[in-house]
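All chains are named by letter (A, B, ...) in the order of the sequence lines, taking the proteins before the strands, and each is independently numbered beginning at 1.
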Protein chains: 2
Amino acid sequence: MTNTTPKKPSRIQTRNRRLILDAALDVFSRDGYGGATLDAIAKGAGLSKPNVLYYFEGKTEIYVTLLSQLLETWLDPLVELDPDGDPVEELLGYVRHKLDMSLELPAESKLFAGEILKGAPRISKYLRHDLKPLFDRKCHVIQDWIDSGRLAPVDPAHLIFSIWATTQHYADFGAQVAVLLDADDPSAGAHAHLEQLFRSLLVPPLPKD
Amino acid sequence: MTNTTPKKPSRIQTRNRRLILDAALDVFSRDGYGGATLDAIAKGAGLSKPNVLYYFEGKTEIYVTLLSQLLETWLDPLVELDPDGDPVEELLGYVRHKLDMSLELPAESKLFAGEILKGAPRISKYLRHDLKPLFDRKCHVIQDWIDSGRLAPVDPAHLIFSIWATTQHYADFGAQVAVLLDADDPSAGAHAHLEQLFRSLLVPPLPKD
DNA sequence: TCGTTGCTTTACCAATTGGTAAAAATTTTA
DNA sequence: TAAAATTTTTACCAATTGGTAAAGCAACGA
């Protein structure tokens with residue numbers, strides 16, 4: 001009875017794979033896939049390059065592992081969108097949650113953005129298999145809310161795009177925001193503005209009947 | 001009387017520099033600065049690598065030239081925001097213009113996005129010297145509109161961020177949009193949605209008195 | 001204590017990269 | 001047309017890169 005999943009990882013394996021992935025997040029998000037080097041990752045992890053390659057088959061495997069693990073965390077707030085909650089509050093809560101993630105985990109957001117920017121060559125299958133079904137499900141939820149008159153009639157897909165775009169902007173374009181904004185911390189202003197933006201869009205025109 | 005700007009460029013110079021910059025736009029926007037190679041650019045331009053280096057001092061100079069030229073084009077619609085026009089229509093026109101640019105020139109948008117994503121290490125001075133003053137000026141215009149009651153009270157800076165984020169999303173995250181959207185062409189839906197999004201935000205609560 | 005297994009290091013390599021030197025070819029100018 | 005200037009090619013290089021081979025070292029069960 002040969003086991004395909006080769007044993008369970010040792011303590012050292014767990015620790016070092018973690019070290020490598022943490023360092024890789026820094027390097028990949030700063031330099032992009034093409035600009036990142038195994039040496040930089042190894043140095044960041046405090047390991048030698050061949051030692052890094054003992055834990056991962058190559059640069060690409062590190063990158064893909066990182067991204068696919070990331071995708072889960074990243075989609076979690078969308079999963080939590082509750083069909084039984086109050087539509088406007090559910091969506092505004094999602095906006096808040098997404099914005100907080102962008103402000104607190106900019107490296108993760110940037111890593112993902114960089115991959116999409118280049119056409120998602122290495123994670124398009126994850127997009128299709130994980131993201132797309134979830135996206136469709138949530139579009140349907142939003143459409144139901146609209147049909148029941150508890151949400152202004154909007155295009156669900158484009159609404160989600162807008163939420164993603166506006167929230168991630170503070171992470172992905174953080175360098176630009178920092179230059180343009182005199183206040184050092186954009187978070188308060190961003191929260192207030194996005195609340196206003198999406199509330200004015202989403203509140204249904206007439207009371208619930 | 002020695003001239004610092006060394007003569008005017010010959011016809012060949014003009015043509016080949018154009019060829020190189022066009023090819024570089026493709027390569028840099030696809031592979032990022034780190035992933036791009038001079039060989040790829042040279043091949044794209046139909047020139048040999050040393051020949052490319054006859055026209056530009058190095059990879060970095062090509063990249064910076066491209067970005068600084070691009071910045072001008074990219075900021076042009078913002079320049080055109082007219083203080084004497086109707087506030088809501090001016091801003092919605094800006095949204096439309098910006099969205100059209102993203103849909104029609106995705107490579108340019110991606111190149112710029114990639115640079116900002118990495119912290120704008122090579123164009124931060126352009127951001128400070130060109131973008132920031134323009135940005136401040138236009139924030140002031142918007143604030144005046146608000147103060148005169150012709151625009152809903154919004155944070156001008158964050159409003160501009162939202163416009164940039166939502167419009168550029170269709171270029172920068174085009175790969176993701178393509179996977180998620182069943183319709184092949186997002187442009188119609190995007191235009192309608194952004195019109196709705198920003199109109200509902202910007203229309204002032206009360207008539208002009 | 002010995003051997004097996006898992007982890008790490010040293011030394012290395014082939015390919016690619018940005019860039020150069022200088023000759024050759026071409027175009028322009030006188 | 002001949003000289004001068006410009007453009008292009010050929011041949012090359014040092015540095016970096018992703019990756020490998022294999023020996024050394026550590027841990028652990030029998």
Distance check needed: [N] [atom2] versus [X] [atom1], whole Å only.
| X | N | atom1 | atom2 | value |
| --- | --- | --- | --- | --- |
| D31(B) | dG18(C) | CG | C1' | 16 Å |
| I20(B) | dT8(D) | CD1 | P | 9 Å |
| K43(B) | dT8(D) | NZ | C1' | 19 Å |
| K49(B) | dT9(D) | NZ | C1' | 13 Å |
| R15(B) | dT27(C) | CZ | C1' | 12 Å |
| F28(B) | dG18(C) | CZ | C1' | 12 Å |
| L38(A) | dT17(D) | CG | P | 10 Å |
| I41(A) | dG18(D) | CD1 | C1' | 11 Å |

Please determine if a side-chain N or O atom of [X] lies less than 4.0 Å away from the OP1 or OP2 oxygen of [N].
| X | N | value |
| --- | --- | --- |
| N51(A) | dT10(C) | no |
| Q13(A) | dC7(C) | yes |
| Y55(A) | dT8(C) | yes |
| S48(A) | dT9(C) | yes |
| Y54(A) | dT8(C) | no |

Item to check | Cation-aromatic face contact K59(A)/F28(A), 6.0 Å, 45 degrees | outcome: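 So K59(A) doesn't make the cation-pi contact.
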Item to check | L21(B) versus I62(B), closest heavy-atom pair with distance | outcome: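 Looks like CD2-O, 3.9 Å.
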What is the nucleic acid contact for [X], judged by heavy atoms within less than 4.0 Å: base, sugar-phosphate only, or nothing?
| X | value |
| --- | --- |
| L53(B) | base |
| A36(A) | sugar-phosphate |
| A42(A) | nothing |

Next on the checklist: Strictly distance-based, threshold 3.5 Å: is any side-chain N or O of Q196(A) a donor or acceptor partner for the main-chain N or O of P153(B)?
Outcome noted: yes
Next on the checklist: Taking the ring of F161(B) and the ring of F135(B), is the distance between their centroids below 6.0 Å?
Outcome noted: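 Under 6.0 Å, so yes.
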Next on the checklist: Both G35(B) and I12(B) contact DNA chain C. Which one's nearest nucleotide lies toward the 5' end?
Outcome noted: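 Residue closer to the 5' terminus by nearest nucleotide: G35(B).
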Checklist entry - Is there a donor on the side chain of K59(B) or the base of dG19(C) sitting less than 3.5 Å from an acceptor on the other? => result no
Checklist entry - What nucleotide, of dT17(D), dT9(C), dT9(D), holds the atom closest to the side chain of P50(B)? => result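 Nearest nucleotide to the side chain: dT9(D).
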Checklist entry - Does a sphere of radius 6.0 Å around NZ in K132(B) hold more than 12 heavy atoms from other residues, nucleotides or ligands, not counting ones at 6.0 Å or beyond? => result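 Counting other residues, nucleotides and ligands, NZ of K132(B) exceeds 12 neighbours.
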